[in-house]
Amino acid sequence: MECNEVISKLETLSPCFYAESWDNVGLLVGSRKKKVSKIYVAVDATDEVVDEAILLGADMIVTHHPLIFSAMKKITTDDFIGRRIVKMMANEISYYAMHTNFDVTHMAELAADKIGLTARSVLDVTYEGETGKAGIGKAGLLPEEMTVSQVAELVKRQFALEQVKIFGEPLRTVQTAGICPGSGKSVIDHAVKSGVEVLITGDIDYHEGIDALAKGLTIIDAGHYGLEHIFVPYVVEYLERECGGVEVYFAVNKNPYWYM
């Protein structure tokens with residue numbers, strides 16, 4: 001199977017036109033004509049991911065976050081991004097990223113499924129076209145009224161997390177929730193306008209957290225990776241189904257930081 005055929009499958013799943021204008025998605029390294037018999041899937045193209053893909057003899061790496069994000073004027077082994085790109089090129093690995101396009105088409109929906117949200121709507125509409133409106137995050141109703149502590153326990157259990165950070169009262173009763181895997185800073189005001197009582201997301205700092213509380217919004221910060229690792233099993237299953245004869249490997253779920 002050619003890399004271009006794999007790309008066609010991935011872009012059927014998450015078309016690139018859904019990506020934000022500031023994002024960098026698609027084929028970032030390598031040849032579209034590369035013959036692909038082994039694919040490695042991960043959230044990030046870390047040194048460990050690239051090295052393991054090489055060890056397994058992978059022809060293609062697919063990640064959620066793009067390794068190449070800002071403009072690069074040179075590609076050398078002087079910096080960590082350059083070193084990874086050089087390794088991929090030296091080992092004839094094609095590298096593809098599907099970031100905010102996957103966020104729009106699948107990530108929030110998958111996360112909402114995990115916590116049982118019903119009556120869903122888009123938190124932040126980022127796309128309007130012939131296919132309708134789409135965007136980042138989902139708002140909806142939890143299966144029943146719950147305390148914030150109970151919602152936090154649900155999130156920990158469903159996403160296999162050690163702990164979460166909470167801005168808000170643990171005994172507050174809520175039922176209207178929003179979920180935005182990754183960094184949810186940009187959807188806080190959208191959540192408030194949508195009448196969301198508790199927002200489940202990541203990368204919320206001190207000031208954003210207390211400001212959200214002042215607006216009546218409780219936040220459960222499950223970490224950026226904490227919610228987005230669901231990308232890996234979903235894409236693995238999709239590629240195994242759609243790319244017959246191709247072996248699909250994946251990075252083991254491992255948070256990049258740990259608690260002490």
Side-chain angles (χ1 to χ4, degrees), residues 40-56 58 61-70 79-85 87-88 95 97-100 102-103 106-108 110-115 136-137 146-170 177-188 198-210 212-213 218-237 248-260:
Y40 193 91
V41 181
V43 174
D44 296 280
T46 62
D47 288 319
E48 292 79 10
V49 163
V50 174
D51 289 343
E52 187 169 5
I54 292 170
L55 189 63
L56 290 167
I61 295 173
V62 177
T63 68
H64 180 48
H65 298 133
L67 174 63
I68 305 170
F69 200 80
S70 302
D79 66 84
F80 71 94
I81 295 177
R83 285 194 294 273
R84 292 174 196 173
I85 294 171
K87 277 186 179 181
M88 290 182 200
Y95 168 53
M98 46 199 312
H99 189 208
T100 51
F102 187 85
D103 287 338
H106 290 84
M107 187 73 86
L110 293 172
D113 287 344
K114 285 272 192 184
I115 60 171
I136 304 296
M146 308 170 75
T147 65
V148 170
S149 290
Q150 288 172 324
V151 179
E153 288 297 334
L154 174 65
V155 171
K156 285 168 61 180
R157 182 170 66 251
Q158 292 299 95
F159 291 90
L161 303 175
E162 295 176 38
Q163 64 182 36
V164 294
K165 180 171 65 177
I166 301 170
F167 290 94
E169 293 298 322
I179 191 159
C180 181
S183 180
K185 302 173 184 179
S186 65
V187 303
I188 287 176
V198 57
L199 175 64
I200 303 151
T201 189
D203 290 351
I204 302 300
D205 66 24
Y206 173 82
H207 292 288
E208 290 156 348
I210 62 173
L213 282 179
T218 293
I219 291 183
I220 296 175
D221 187 334
H224 196 119
Y225 182 87
L227 299 179
E228 288 196 327
H229 64 77
I230 58 177
F231 168 86
V232 174
Y234 186 84
V235 173
V236 167
E237 190 277 333
V248 185
Y249 300 89
F250 58 92
V252 176
N253 179 13
K254 183 182 179 183
N255 207 319
Y257 55 85
W258 53 281
Y259 300 98
M260 183 173 174

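Not measured: the values here are computed from a predicted model.
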Does a side-chain heavy-atom distance below 4.5 Å link His65 with His224?
yes
Using every non-hydrogen atom in the two residues, find where Ala42 and Phe231 come nearest and quote the distance to one decimal.
O-CE2, 3.4 Å
Side chains of Phe102 and Val235: closer than 4.5 Å at any heavy-atom pair?
yes
Other residues, nucleotides, ligands: >12 heavy atoms within 6.0 Å of Phe250 CZ
no
Taking all non-hydrogen atoms of both residues into account, name the closest pair between Ala222 and Leu161 and its distance.
CB-CD1, 3.7 Å
With a sphere of 6.0 Å drawn around OH of Tyr257, does it hold more than 12 non-hydrogen atoms of other residues, nucleotides or ligands?
yes
Within the side chain of Arg84, is there an N or O that forms a donor-acceptor pair under 3.5 Å with the backbone of Val50?
no
Could you give the distance from OG1 (Thr201) to CD1 (Ile179), rounded to the nearest 0.5 Å?
8.5 Å
N/O donor-acceptor pair under 3.5 Å between Gln158 side chain and Lys114 backbone:
yes
Would you indicate whether the side-chain heavy atoms of Cys180 and Ile136 approach each other to under 4.5 Å?
yes
On a heavy-atom basis, which atom in Ala108 and which in Pro181 lie closest, and how many Å separate them?
CA-CD, 4.1 Å
Residue pair Thr46 / Val49, side-chain heavy-atom distance below 4.5 Å
yes
So how far is it from Leu56 CG to Asp51 CG, rounded to the nearest 0.5 Å?
11.0 Å
Is the backbone of Ile81 close enough, under 3.5 Å, to the side chain of Asp79 for a donor and an acceptor to pair up by distance?
yes
Which heavy-atom pair separates Ala58 from Tyr40 by the least distance, and what is that distance?
CB-CB, 4.2 Å
In terms of heavy-atom contacts, Glu208 and Lys185 come closest through OE2-CD, 3.1 Å
Between His99 and His64, what is the ring plane arrangement, given parallel below 30°, perpendicular above 60°, and tilted in between?
perpendicular
Under a 3.5 Å distance rule, please check whether Tyr225 uses its side chain to pair with a backbone N or O of Lys254 as donor and acceptor.
yes
Does any non-hydrogen side-chain atom of Ile230 lie less than 4.5 Å from one of Met107?
yes
Which of these passes side chain to side chain contact (heavy atoms under 4.5 Å, CB included) with Ile219: Leu213, Val198, Ile188, Ile166?
Ile188
Only one of Ile115, Ile220, Ile200 passes side chain to side chain contact (heavy atoms under 4.5 Å, CB included) with Leu154; say which it is.
Ile115
Output yes when a side-chain donor or acceptor of Tyr95 lies under 3.5 Å from a complementary backbone atom of Ala45, and no otherwise.
no
Reported NE2-to-CG distance for the pair His106 and Asp113, which is rounded to 0.5 angstrom:
10.5 Å
Tell me whether the count of non-hydrogen atoms from other residues, nucleotides or ligands lying under 6.0 Å of CD in Gln163 goes above 12.
yes
Say you draw a straight line from CD1 of Ile61 to CE of Met88; how long is it, rounded to the nearest 0.5 Å?
4.5 Å
Closer than 3.5 angstrom, by distance alone: can the side chain of Lys165 be matched with the main-chain N or O of Ile204 as a donor-acceptor pair?
yes
Ile85 vs Leu67 side-chain heavy atoms within contact, under 4.5 Å
yes
